[in-house]
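All values derive from a computational prediction rather than experimental measurement. All chains are named by letter (A, B, ...) in the order of the sequence lines, taking the proteins before the strands, and each is independently numbered beginning at 1.
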Number of protein chains: 2
Amino acid sequence: MSAASSLPVDTAAVGAASARVADYLRDAILNGDIAPGERIRQEEVAARFGASRLPVREALRILEAEGLTEHEANKGARVPRLQMHEVDVVYQMRERLEPLAVTESIPHLSASDIDRLAAVQTRIEANTDVGAFLALDREFHLLTYTGCQIEQLMSIVRRLWNSTQHYRRAYVSISGPGRMWVVNAEHRLLLDAIERRDEVDAERFLSGHIRRTRIELAKHPEVFEGGAT
Amino acid sequence: MSAASSLPVDTAAVGAASARVADYLRDAILNGDIAPGERIRQEEVAARFGASRLPVREALRILEAEGLTEHEANKGARVPRLQMHEVDVVYQMRERLEPLAVTESIPHLSASDIDRLAAVQTRIEANTDVGAFLALDREFHLLTYTGCQIEQLMSIVRRLWNSTQHYRRAYVSISGPGRMWVVNAEHRLLLDAIERRDEVDAERFLSGHIRRTRIELAKHPEVFEGGAT
DNA sequence: TGACACACGATTGGATCCAATATCTACTGG
DNA sequence: CCAGTAGATATTGGATCCAATCGTGTGTCA
């Protein structure tokens, strides 16, 4: 249903029901249907799903590992609400880790991988809807890491994207489509470096891209603390 | 029982039984009682613990999030066996992330935090046993991050330490006590920078320390693939 | 003798029931 | 009228039972 579910996630290795519930909740959180701070009741999810509470419990553990929920004993799960400084540090972590991921990825990217990447970037540029932009931007970046075979690194990168998705959405919806052209220019530079299989340039463009995004985000403190109850 | 259990871990927020089982298994894995590649049977752990299989299942999910186990549908959990290149990349991740963690930590370190850190370093230098060295070195580094209030960052740093603990142990047991003096010298530089609250120096010394350790480890490919069945 | 198929045992996944804990509300006392 | 407390209700944690799946060993046939 959502664009997020079309991307590779590491939920393949769990029981069928748990995986389905996890997919459902993941989409709901990444789409913003469940807001930060909101509590997730096991019974409610189980009922909506026609399953027992047990797979829901497992699913919540999986999501916890992905940074999408947090868990407190006898109090249940809720979507974490991050402070501005926390999001800033997560962006600093991305700034340091994702260049490594793209360097690990580039040698293993096939020609069709790169074609798909270019196609997504073309779709981003043709698109004007800020909601779709969010999903496409996510898809673009995660696609650049397709060749990275280090599961540890990829699951952590996905986790960093997951935990800040809500704040990215809040940011693009208030900042409007203006900054999208800057992002597209930076994507083109990155795509070009990947097509040349130039790890050094790719690292440099990517870290700069993430750093500039972080600085932009820091100019909008109203994204944090405000909004949802 | 083991030194690992005396360090802060983020298992406080789960049911009591699950947390106890998770602690038990974590110690067993970090101590090497359960080797990489070894399967973990739910029933066996539950019996040894006098609990049902359910908290064991939850515990295995927690450990999975910590990078200590991996899970496959209908096949259960086992301790991951890493390739040499994977461990190398994990060290590169540490090299990039832990300097950030120490910078976030330093402003919030109390005087007693630093005293405790210095005390641990003194104990490392007085120690000659390679087994104890492993635990103390871990304690030293994780203590330097005590002031880091970004849970996302800390849980990932712990995960990186966890998943490579076995290979670190294999390395120190074959390399002997020779390199310990180099490590101690580097620890002293780092400790000094922390006492001066000099984030720039701390970052520099720490990333160099991790990089040199990674390069040393790469000289010993026999640590990987060999050993346990 | 080797390879494939079937069946049995072992192990994990899921459902239901019961216990423990937290949250919410109403009541009482100051 | 507000604060604190005790009871009721809602929600999570754990145990036990049953179903589904995987691995393995044996037997049979070419």
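- In the interface, the side chain of A/Arg57 is paired with the base of D/dG14 through a donor and an acceptor atom under 3.5 Å apart.
- Taking only side-chain atoms of B/Pro55, from C-beta outward, the nucleotide of D/dA15, D/dT12, D/dT21 with the closest atom is D/dA15.
- Residue A/Ile40 is classed as a sugar-phosphate contact, given heavy-atom separations below 4.0 Å to backbone atoms only.
- The structure places CD1 of B/Ile215 at 9.0 Å from CG of B/Asp88, a figure rounded to the nearest 0.5 Å.
- Between the side chain of A/Arg53 and the base of C/dG14, no donor-acceptor pair of N or O atoms lies under 3.5 Å.
- One atom, CD of A/Glu58, and another, C1' of C/dG14, lie 9 Å apart when rounded to the nearest Å.
- Using a 30° and 60° split on the angle between ring planes, A/His187 and A/His209 fall in the perpendicular class, above 60°.
- For B/Arg41, the listed nucleotide lying nearest its side chain is C/dT11; candidates were C/dG13, C/dT11, D/dG14.
- At a cut-off of 3.5 Å, with distance as the only test, no side-chain donor of A/Ser112 or A/Asp115 sits close to an acceptor on the other residue.
- Between C/dG14, D/dT12, C/dG13, one nucleotide has an atom nearer to the side chain of A/Ala17 than all others, and that is C/dG14.
- Of the candidate nucleotides C/dG13, D/dG14, C/dA15, D/dG14 has the atom nearest to the side chain of B/Ser52.
- Look at A/Lys75 and you'll find a side-chain N or O under 4.0 angstrom from OP1 or OP2 of C/dT23.
- Atom C1' of nucleotide C/dG14 and atom CZ of A/Arg20 are separated by 14 Å, given to the nearest angstrom.
- Here A/His71 does not reach the OP1 or OP2 of D/dT11: none of its side-chain N or O atoms lies under 4.0 Å away.
- Under 4.0 Å is where a charged nitrogen must lie from a carboxylate oxygen, and between B/Lys219 and B/Glu216 at least one such pair does.
- Here the nucleotide nearest the side chain of B/Gln42, chosen from D/dT16, C/dT12, D/dT12, is C/dT12.
- Summarising the geometry, the separation between CZ on A/Arg39 and P on C/dA22 is reported as 12 Å, rounded to the nearest angstrom.
- Per the geometry, CZ belonging to B/Arg61 stands 17 Å off C1' belonging to D/dG13, to the nearest Å.
- As rounded to whole Å, 15 Å separates atom C1' of C/dC18 from atom CG of A/Leu54.
- Scanning all heavy atoms of the two residues, the minimum distance from B/Cys148 to B/Ala101 falls at CB-O, 3.8 Å.
- Listed candidates were C/dG14, D/dC22, D/dA15. Nearest to the side chain of A/Ser18 is C/dG14.
- Rounded to whole Å, atom C1' of C/dC18 lies 14 Å from atom CD of A/Glu43.
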